[in-house]
There are 2 protein chains.
Amino acid sequence: MKASPRPYHHGNLREALLEAAARALETGGVGSLTLRELSRELGVSHTSPRRHFADKQALLDALAVRGFERLDAVMARAAKDRGEDFNARLTRLARAYVGFALKHPAWFGLMFEAKHRADAPPVLLDASDGAFAHPPAVFAQGQAAGEVVVGDPARLSLGAMAAVHGLLSISTNGQFKGIPLDRLVAEIIERLVWGLRPRE
Amino acid sequence: MKASPRPYHHGNLREALLEAAARALETGGVGSLTLRELSRELGVSHTSPRRHFADKQALLDALAVRGFERLDAVMARAAKDRGEDFNARLTRLARAYVGFALKHPAWFGLMFEAKHRADAPPVLLDASDGAFAHPPAVFAQGQAAGEVVVGDPARLSLGAMAAVHGLLSISTNGQFKGIPLDRLVAEIIERLVWGLRPRE
DNA sequence: ACCTGAACACCGTTCAAGT
DNA sequence: ACCTGAACACCGTTCAAGT
């Protein structure tokens, strides 16, 4: 958003660093991400990153923020109302979440690791909150349609998102005991929705 | 279990390394865990660990196995039948899980990170399976008592454990938007149990 | 303002050598 | 069998210096 000042030797080093870091993350995991290697790749000295990020952790945090922004965009698209019932809509949202996590496992891992640091910057927590604002919205509309019990949507949706996220953590290689994640997600959401029916 | 051969310079270096590593993990997180520092602490040369662990990752894997064994012990104790109903028992099991994770956050994180590596050793996956065998047992007894719908206990319990684990991942510093994890766990389990009631 | 090069204090891993 | 010491190829970070 901020207009970049005239470049010196490199076009926009900060941006280039973040992009190269994201690539490194996808290719070789967080272990392969070093400031010196990024600098080499971009043809600048290994001390250049210092001008744009206080230290390595600052770059990782910025990368985590980008991740939550991407996740936010993915969730926003999946949360759009298409006239389905609550179950179908929540399942679509959950699948989008799982899809992002499986497509960018190292990035996804970095995002939550960064968020869990005691001194995580506010901008990071805000980015996370942004992405996690979509499920409550879907729940609220489910309530409006009489498909979901009354109660704080944020609190109700937390259980659903926790289940989906936990499924990712507990599973291995996109499956659990041979059953693909996608199927398990649908199963769990359906059972959850059943439990969330208004009690007559 | 295996009888240790006569020591050379150190009593039982393998054991000492694992204990020192666990301590380092608790104190300064996984970032503070280096083979050289462990060696210094134990008064051996920095190449000694090589005799007992092929590389650093092998030590981390062994540490992760220990973690799952500890978790298994904690879960086994919590899963014991005390004559409560299914809801109370599952809540106790979930709280034990959360308690372990909050008490040893770095270790807990290491365990699942190790488990997610593509080349995770079978012994690690077995240790994980061991700890996760307790919830299905509780579910099976819940079914026997007519408190839970029919279905594969492993599959049914997966949703519950995923929700609890996910809550840990999504939350920050043992809470979520100011609400303590313990309370959220109880809430989610209760709602889940409600959804798992046999449908008449 | 932005980048460089040398220097410092660390790593993990390898390997020939010791007892 | 078990450990050592030197060596190698890396790190992140600091700092005086350049344009």
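Since we're looking at a predicted model, the values are computed, not measured. In what follows, chains are A, B, ... by sequence order, proteins preceding strands, each numbered from 1.
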Where along residues 112-119 of chain B does a heavy atom come under 4.0 Å from DNA chain D, residue by residue in number order?
none
Tabulate protein N/O versus nucleotide N/O from nucleotides 11-15 of chain C, keeping only pairs under 3.5 Å, one per line.
unit_1 : atom_1 : unit_2  : atom_2 : d
C/dC11 : OP2    : B/Arg40 : NH2    : 2.6
C/dG12 : OP1    : B/Leu35 : N      : 2.9
C/dG12 : OP1    : B/Lys56 : NZ     : 3.4
C/dG12 : OP2    : B/Leu35 : N      : 3.3
C/dG12 : OP2    : B/Arg36 : N      : 3.2
C/dG12 : N7     : B/Arg36 : NH1    : 2.5
C/dG12 : O6     : B/Arg36 : NH1    : 2.9
C/dT13 : OP2    : B/Lys56 : N      : 3.1
C/dT13 : O4     : B/His46 : NE2    : 3.2
C/dT14 : OP2    : B/Arg50 : NH1    : 2.8

Do B/Phe53 and B/Leu35 make a side-chain contact, defined as non-hydrogen atoms from C-beta onward lying under 4.5 Å apart?
no
Any side-chain N or O of B/His52 less than 4.0 Å from the OP1 or OP2 oxygen of D/dC3?
yes
Think B/Ser48 has a side-chain N or O under 4.0 angstrom from the OP1 or OP2 of D/dT4?
yes
A/Leu13 CG to C/dC2 C1': how many Å, rounded?
9 Å
Hey, what do you get for CG (A/Leu38) to OG (A/Ser48), rounding to the nearest 0.5 Å?
11.5 Å
Taking A/Leu90 as the fixed residue, which of A/Val164, A/Asp85, A/Leu192, A/Ile189 is the one that meets the side chain to side chain contact (heavy atoms under 4.5 Å, CB included) rule?
A/Ile189
After noting the C-alpha distance and the side-chain angles of A/Phe86 and A/Gln141, does the key distance pass the side chain to side chain contact (heavy atoms under 4.5 Å, CB included) rule?
CA-CA 8 Å; A/Phe86 176 65; A/Gln141 296 191 16; over 6 Å; no
Does the pair B/Glu15 and B/Arg66 meet the rule for a salt bridge (Lys or Arg N to Asp or Glu O under 4.0 Å), with working shown?
CA-CA 11 Å; B/Glu15 200 59 27; B/Arg66 294 255 163 137; 2.8 Å; yes
Please report, rounded to the nearest Å, how far the P atom of D/dA1 is from the CZ atom of B/Arg14.
18 Å
When the distance from CG of B/Leu17 to P of D/dC2 is rounded to whole Å, what number comes out?
13 Å
Specify whether B/Tyr97 and B/His165 have parallel, tilted or perpendicular ring planes, treating 30° as the upper limit for parallel and 60° as the lower limit for perpendicular.
tilted
Determine the sole option in B/Asp129, B/Leu124, B/Asp126 for which the side chain to side chain contact (heavy atoms under 4.5 Å, CB included) test with B/Phe68 is passed.
B/Leu124
Please give the nucleotide sitting opposite C/dG5 as a Watson-Crick or G-U wobble pair, both distances under 3.5 Å, or none.
D/dC15
Angle class for the A/Trp107/A/Phe100 ring planes (parallel below 30°, perpendicular above 60°, tilted otherwise)?
tilted
